[in-house]
*Asks:* 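Before we start, here is the structure in question, set down as structure tokens.
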Amino acid sequence: QQKVQQSPESLIVPEGGMASLNCTFSDRNSQYFWWYRQHSGEGPKALMSIFSNGDKKEGRFTAHLNKASLHVSLHIKDSQPSDSALYFCAVSGGSNAKLTFGKGTKLSVKS
Amino acid sequence: GPKVLQIPSHQIIDMGQMVTLNCDPVSNHLYFYWYKQILGQQMEFLVNFYNGKVMEKSKLFKDQFSVERPDGSYFTLKIQPTALEDSAVYFCASSLWSQNTLYFGAGTRLSVL
């Protein structure tokens with residue numbers, strides 16, 4: 001059964017700083033990886049997806065995938081207070097088609 | 001962006017009663033999902049649904065749970081009877097295809113007393 005683990009559990013960064021979130025997964029056949037962001041009182045919203053090894057940049061957000069090391073990460077440059085939220089790594093493909101979420105990283109950006 | 005609507009936003013019921021949670025998915029989406037979240041923590045997969053059938057379900061999807069989407073209307077999650085441990089926020093999601101981005105609703109907070 002797919003296991004998705006995220007670290008750290010919580011993270012505080014200053015406004016304008018860099019936030020780095022990590023995620024490991026257990027199923028080597030996993031194919032599809034997303035980062036979702038959830039603000040308090042709302043449903044999760046997809047931030048970005050990454051399907052190939054390497055980096056993918058969208059604005060201030062960069063995702064990195066290394067399937068061999070079962071690792072995916074998200075880096076947020078120039079963090080803003082509005083980035084404060086719960087960030088989930090989500091993985092699918094391989095033996096399970098369903099999307100499996102990690103427990104989340106709570107990011108707080110302090111101005 | 002695409003919107004998934006969930007009704008009601010909050011439901012309070014007594015243990016043992018039946019409850020139906022309603023979801024209006026994105027109009028052209030074909031896959032539908034329910035997830036459960038307790039205390040703002042992990043999103044736990046319950047079930048996915050395609051072409052009128054349950055495709056996959058987790059151990060959390062107990063025998064008391066059922067899903068349906070009659071005639072393209074609301075996608076519903078019914079719990080009968082409810083138990084105290086069913087208290088949680090239930091999120092509905094939809095996607096165009098399997099392995100596509102999921103779009104989530106704002107959730108229904110279910111409180112079982």
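Letters A, B, ... are given to chains in the order of the sequence lines, protein chains preceding strands, and every chain is numbered from 1. Reckoned from all heavy atoms, side chains included, excluding hydrogens, waters and symmetry mates.
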*Asks:* So which of A:Gly41, A:Pro44, A:Gly43 has the largest heavy-atom pair count under 4.5 angstrom toward chain B?
*Replies:* A:Pro44

*Asks:* Are there more than 12 heavy atoms of other residues, nucleotides or ligands under 6.0 Å from atom OH of B:Tyr74?
*Replies:*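 Atom OH in B:Tyr74 is not packed in, count stays at 12 or less.
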
*Asks:* Is the shortest side-chain heavy-atom distance between A:Tyr32 and B:Thr101 below 4.5 Å?
*Replies:*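 No. Closest side-chain heavy atoms not under 4.5 Å.
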
*Asks:* Are B:Phe75 and B:Phe104 linked, directly or through other ILVMFWY residues, by side chains that come within less than 4.5 angstrom of each other?
*Replies:*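 No; B:Phe104 is not reachable from B:Phe75 via cluster members.
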
*Asks:* Are there more than 12 heavy atoms of other residues, nucleotides or ligands under 6.0 Å from atom CE of A:Met18?
*Replies:* yes

*Asks:* Most heavy-atom pairs under 4.5 angstrom with chain B, which of A:Ala46, A:Gly102, A:Gly104?
*Replies:*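 Heavy-atom pairs under 4.5 Å are most numerous for A:Gly102.
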
*Asks:* Would you confirm whether A:Tyr36, through its side chain, and B:Leu102, through its main-chain N or O, come within 3.5 Å as a donor-acceptor pair?
*Replies:*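 Yes: the side chain of A:Tyr36 pairs with the backbone of B:Leu102.
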
*Asks:* Check whether more than 12 heavy atoms from other residues, nucleotides or ligands sit under 6.0 Å from atom NZ of B:Lys3, and answer yes or no.
*Replies:* no

*Asks:* If you count heavy-atom pairs under 4.5 Å between each of A:Lys106, A:Glu42, A:Lys103 and chain B, which one has the most?
*Replies:* A:Lys103

*Asks:* Does a donor on one side chain and an acceptor on the other come within less than 3.5 Å for B:Gln37 and A:Gln38?
*Replies:* yes

*Asks:* Check the surroundings of atom NZ in A:Lys67: do more than 12 heavy atoms from other residues, nucleotides or ligands lie under 6.0 Å from it?
*Replies:*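 Yes - once you tally the heavy atoms of other residues, nucleotides and ligands closer than 6.0 Å, there are more than 12.
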
*Asks:* Do B:Tyr33 and A:Leu99 make a side-chain contact, defined as non-hydrogen atoms from C-beta onward lying under 4.5 Å apart?
*Replies:* no

*Asks:* Would you find more than 12 non-hydrogen atoms of other residues, nucleotides or ligands less than 6.0 Å from B:Arg109 atom CZ?
*Replies:* no

*Asks:* With a 4.5 angstrom heavy-atom cut-off, could you sort out which part of B:Tyr31 is near chain A: side chain, backbone, both or neither?
*Replies:* neither

*Asks:* Quick one: do B:Phe65 and B:Leu84 end up in the same hydrophobic cluster if we chain Ile, Leu, Val, Met, Phe, Trp and Tyr together by side-chain heavy atoms under 4.5 Å apart?
*Replies:*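 Yes, B:Phe65 and B:Leu84 fall within the same hydrophobic cluster.
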
*Asks:* Can you tell me how far OG1 of A:Thr100 sits from CD of B:Glu44, rounded to the nearest 0.5 angstrom?
*Replies:*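 Here the rounded value is 10.5 Å.
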
*Asks:* Do B:Met55 and B:Tyr35 land in one hydrophobic cluster if side-chain heavy atoms of ILVMFWY residues count as linked below 4.5 Å?
*Replies:* yes

*Asks:* Please name the pair of heavy atoms, one in A:Trp34 and one in B:Gln99, separated by the smallest distance, quoted to 0.1 Å.
*Replies:*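 So the two residues come closest at CH2-O, 3.2 Å.
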
*Asks:* Indicate the atoms forming the closest heavy-atom contact of B:Gln42 with A:Phe88, along with that distance.
*Replies:* CA-CE2, 4.2 Å

*Asks:* Could you check which of B:Asn100, B:Val89, B:Asn48 has the highest count of heavy-atom pairs closer than 4.5 Å to chain A?
*Replies:* B:Asn100

